[in-house]
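To start, the structure under review is shown below, and the notes come after it.
In listed order, ligands and their atoms are each counted from 1. For the single chain, residues carry numbers from 1 onward in sequence order.
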Amino acid sequence: MLVEPQEATQEMLKDVHTEEYLLSVNESGTRLAEITEISAIALLPNSIVQHRLNRPMRVHVAGTILAVGMALQWGWSINLGGGMHHASYDRGGGWCVYDDWTLALRKLRRETGGAIRKAMLIDLDVHQGNGHARDKLHFKDEDLYILDLYNADLWPWDTAAKAATNCDLPMRTGTGDEEYLAMLDKGLHTAFSEFTPDIVLYNAGTDILIGDPLGRCRVSPDAVAKRDEMVFQAAHDAGVPICMALSGGYAKDSAGVISKCIEHVVQKFGLIQPSSKV
Ligand SMILES: [Zn+2]
């Protein structure tokens with residue numbers, strides 16, 4: 001089933017983000033120019049910046065919120081966007097304006113009356129996921145377990161955020177299929193032996209792909225599909241729903257690879273039994 005999200009309201013965003021931060025991204029393009037590292041954005045009329053940049057970011061958030069709810073209903077779900085893992089309650093960065101994962105998780109916990117509380121966030125975007133990690137510290141969220149497998153040679157080098165990561169798996173520039181999948185296999189085994197989640201949140205960045213201009217890793221399209229399968233299989237074996245968001249991916253063939261990976265997941269997992277916790 002394909003569902004189109006609307007956009008997250010300011011009231012929804014306030015659940016995680018400070019009013020001061022929200023004002024800064026709403027009142028002009030200056031803050032958004034910093035977050036996107038495109039200085040010309042600050043020179044555009046704010047009405048254009050809001051419509052063409054800030055509003056789509058709020059749709060990404062709404063997509064993750066919607067997808068997390070659908071994962072409970074259908075066993076698994078994918079937001080064709082989202083995964084803005086560099087944003088936290090009072091700051092954005094790396095093209096990420098809002099922390100969609102934390103927003104979605106907090107809402108989900110409230111709406112399920114706490115039946116869904118413990119979440120495992122598996123972050124496989126090539127960059128360290130510092131935004132949700134910082135928010136885990138900010139909200140003192142002991143019920144969020146974070147596994148992060150990333151290229152440690154790349155920005156953001158956020159040592160403060162690392163304190164929130166339970167399973168920290170730094171890799172190096174040039175990491176290829178065999179090493180990457182072995183690290184993931186070990187990480188998944190560790191994570192599921194240390195923590196029993198009610199839901200898995202999967203940040204499935206494809207900037208690990210060979211040829212990605214930002215990622216600097218050498219993971220093949222087939223290994224990306226295998227990676228997704230391993231994560232879905234781990235959630236399936238644990239008997240919990242999984243929600244995936246696309247996060248980063250900057251290679252020319254990223255969209256095609258994502259499409260094939262999703263087809264593979266659909267073929268492999270079909271419809272899983274809905275969660276009894278809905
Ligand atoms: Zn990334």
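Within the 2.8 Å limit, His127 places at least one N, O or S atom next to the Zn ion (ligand 1).
Using cut-offs of 30° and 60° on the angle between ring planes, the pair Phe232 and Phe269 is tilted.
Judged by distance alone, with hydrogens and angles left aside, the side-chain atoms of Arg227 form a donor-acceptor pair with the main-chain N or O of Leu124 at under 3.5 Å. Between the side chain of Asn54 and the main chain of Val25, a donor-acceptor pair closer than 3.5 Å is present.
In Asp125, the N, O or S atom that comes nearest to the Zn ion (ligand 1) is OD1. In terms of distance to the Zn ion (ligand 1), the nearest N, O or S atom of Asp207 is named OD2.
Exactly one of Trp101, Trp95, Tyr98, Trp155 qualifies for a ring pair (Phe, Tyr, Trp, His ring centres under 6.0 Å) with His86. That residue is Trp155.
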